[in-house]
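First the structure, in the form of structure tokens, and then the observations on it.
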Amino acid sequence: MRAKELFAPTLREAPSEAEVVSHKLMLRAGYIRRLASGLYTLMPLAIRVLKKIERIIREEMDGQGGQELLMPIMQPAELWQESGRWDVYGPELFRLKDRHNRDFALGPTHEEIITVLVRGEVSSYKQLPLLLYQIQNKYRDERRPRFGLMRGREFIMKDMYSFDRDEEGLNKSYTQMHKAYTSIFQRCGLNFRVVEADSGAIGGSDTHEFMVLAESGEGTVLFCSRDECGYASNVEKAATVFKADKAAEDLRDLVMLETPGKRTITDVSQYLDVPPQNIIKTLLFETEKEIVAALVRGDREVNETKLLNVLGCLRLELAENETVRTVTGVSAGFAGPVGLKNTRIVADPEAAAIVNGVCGSNREQYHFININPGRDFTMDIIRDIRMVKSGEPCPRCGAELREAKGIEVGQIFKLGDKYSKVLGATYLDESGQSRHMIMGCYGIGVTRTMAASIEQNHDQDGIIWPAAIAPYQTVVIPVSSKDEVQVELAREVYNRLAAAGIEAVLDDRPERAGVKFKDADLIGYPLRITIGAKAVAEHKPEVRVRSTGEVKMVPMENMENQILGILQDL
RNA sequence: CGGGAUGUAGCGCAGUUUGGCUAGCGCGCUUGCCUUGGGAGCAAGAGGCCGGGGGUUCGAGUCCCUCCAUCCCGACCA
């Protein structure tokens, strides 16, 4: 490709709409342009990267026995109604009507479609297992699209679905995918971690996320500081270790004390001279069916994902101040668990174990001291509902946990019979018995993976692509576009690279050297081959490695092999 | 959806407080000269419904109302 013809308009300054590095660089280097919030055009450079990633994905999927297909983006509402997700999925589902006023959805995921397809076509155990996947646009009406390709409303996803006869088969498929995913992200040159996760709206039992480690990540992962242990989890899922340590002191009588204006844990702690660990924090949450009170220790935070799972509800929100007042009779800050009516109380084990503690009294400007859970109020559920922080013990081995930010690029789920049951996907086993297929699903955010790679691989000057997914491996730059000899040598190098199957761009634009260098760095070619006076004199093109800045003069004789060698070592 | 901010040329911004004549700057773009190892220089140009609509006023980029769009924080999210 000649740079004169390459449609990659670069910008000196990043548009103000961009906040994170990958977004800024993709705009500046001419990879993407925004059409509307969360909607982007992928330009030629981006498409090349995308195809590289897709190719790696296809190879690994096919390698595990996957078969590619393509399902419609537009899906009839009936299927979603049949699975129950038309109502459950919420406003994130893009909905539209056709001219006959029939309801449709733009697929955010394809469990319904694939299950119905397989339901119709597979009826015998002999046809299983089946691994089907597609790479296709997905639609989610995000409440808040952001960070460019990282969280768009339209994005490209690889989704695979496995159909097995039983749990054992599912476990095998799941393990295969775990392996394939690891290989995919390794080949993409990403530094990632596999973590235990929550399954959210997709449902099912086991699930793991593949998180690319990056400061800009929207997710938080916790992992064990002992490498041999290997425990790693999304913070949403990370289990706490509860130990009832101190010997219980005698229970003292409950007393109500005036605590004027002391609403926060810090205020109350200082005012009453009680450590936050001995205060019960009471938070009211509203779900689609009830109001509940969640109790955690004063120095802890509620983990809403855990709470949602404990309650088995679909929606969970911190209650509005108005609601708090209606339920408890006081404003937030003085609410407590004593005397609550028609409100279930969910306590974290740590909160439940507090002895002679402090909590809100449900009387304005008063707190209780010497509160004792169980004696002074009853708890409906005692379960782990709090956030884990770095520094806490690993639930598997007890060593210290560390924390990191990550971008979720893939997630794998054991769905079990969740969809096959509601949609009636069955097969006949050897004994002629009808059984539900056991399913798994496995997603990779392809466009997000591209963005994640940039988050992890860049410097002040621009993108530094891993060779495996770079849009082109090399750029050939004649320093002076007016110097016939340089231009001629550059052309020769370019032609020979092309003949050797090495992707190259020839920067034949009549620009000054600096401009071409800057663009090369910005776009992120792994290798830059400069043809200047020195290269001409010695007949040795100068090869510069983008990631290290290392420069090497390469004789023309076996140039191709040397360059291939350098690329391989990257 | 709640809070905050911003919309002026392709991109980055000034001008809006205190209304005033043909709306500016840098980059980019076009043409010419010159230059060619890290976003050169000179000269001449092109490019604007000042986000849309409504109002106040002799006069609105500037004031008022309203709508829209975009971004940030939060809530939310395979």
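Convention: sequence-line order gives letters A, B, ...; per-chain numbering from 1.
Defined by atom type and a distance below 3.5 Å, a donor-acceptor pair is present between the side-chain atoms of A:D164 and A:S173. Residues A:Y419 and A:R85 have side chains that bring a donor and an acceptor to within less than 3.5 angstrom of each other.
Pair check for B:C77 finds none; no Watson-Crick or G-U wobble contact set falls under 3.5 Å.
Following rounding to the nearest Å, A:L39 (CG) and B:U70 (P) show an atom-to-atom distance of 9 Å. Between A:R85 atom CZ and B:C77 atom C1' there is a gap of 14 Å when expressed in whole angstrom units. In this structure, CZ of A:R144 is placed 10 Å from P of B:A75, rounded to the nearest angstrom. If you measure from atom CD1 of A:I531 to atom C1' of B:U36, you get 15 Å, rounded to the nearest angstrom. If you measure from atom CG of A:D198 to atom P of B:C76, you get 13 Å, rounded to the nearest angstrom. Rounded to an integer number of Å, the gap from OH of A:Y89 to C1' of B:C76 is 13 Å. A straight line from CZ of A:R151 to C1' of B:A75 spans 13 Å, rounded to a whole angstrom. Counting to the nearest Å, the C1' atom of B:U35 and the CD atom of A:Q486 are 14 Å from each other.
As rounded to the nearest Å, B:U31 and B:G47 have P atoms that lie 16 Å from one another. Annotation: B:A9 and B:C13 have their C1' atoms spaced 12 Å apart (nearest Å). The gap from the C1' atom of B:C64 to that of B:G45 amounts to 40 Å, rounded to the nearest Å. Nucleotides B:G12 and B:C29 place their C1' atoms 16 Å apart, quoted to the nearest Å. Annotation: B:U57 and B:U62 have their P atoms spaced 16 Å apart (nearest Å). B:G20 and B:U16 have their P atoms separated by 9 Å, given to the nearest Å. Here, B:C68 and B:G53 have their P atoms 15 Å apart, quoted to the whole Å.
Residue contacts for A:S37: at a heavy-atom cut-off of 4.0 Å it reaches the sugar-phosphate backbone alone, with no base atom in range. Here A:R528 lies in heavy-atom contact (under 4.0 Å) with a base. Residue A:F147 is classed as a sugar-phosphate contact, given heavy-atom separations below 4.0 Å to backbone atoms only. Residue-level contact check: A:D461 touches neither bases nor backbone, having no heavy atom under 4.0 Å from any strand. Note on A:E542: a base of the nucleic acid sits closer than 4.0 angstrom, heavy atoms only. Residue contacts shown for A:E218 are absent, as no nucleic acid heavy atom lies under 4.0 Å away. Counting non-hydrogen atoms under 4.0 angstrom, A:R448 reaches nothing in the nucleic acid. Counting non-hydrogen atoms under 4.0 angstrom, A:D519 reaches a base of the nucleic acid. Using a 4.0 Å heavy-atom cutoff across all strands shown, A:I412 reaches no nucleic acid atom at all.
RNA chain B is contacted by both A:K138 and A:R34; A:R34 maps to the nucleotide lying nearer its 5′ end (nearest heavy atom per residue).
At least one side-chain nitrogen or oxygen of A:R146 sits closer than 4.0 Å to the OP1 or OP2 atom of B:C73. The phosphate of B:G39 (OP1 or OP2) has no side-chain N or O of A:R12 nearer than 4.0 angstrom.
Each of A:L506, A:T474, A:I477, A:V554 was compared with A:I529 under the side-chain contact (heavy atoms from CB on, under 4.5 Å) criterion, and only A:T474 meets it.
Taking a 4.0 Å limit (strictly below) on heavy-atom distances, residues 15-30 of chain A reaches RNA chain B at A:P15, A:S16, A:E17, A:E19, A:R28.
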Enumerate the protein-to-nucleotides 5-10 of chain B contacts in which both atoms are nitrogen or oxygen and the separation is below 3.5 Å.
none

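Donor-acceptor pairing under 3.5 Å, judged by distance alone, is present between the side chain of A:R143 and the base of B:A75.
Under the ring pair (Phe, Tyr, Trp, His ring centres under 6.0 Å) criterion, A:Y174 pairs with A:H208, not counting sequence neighbours.
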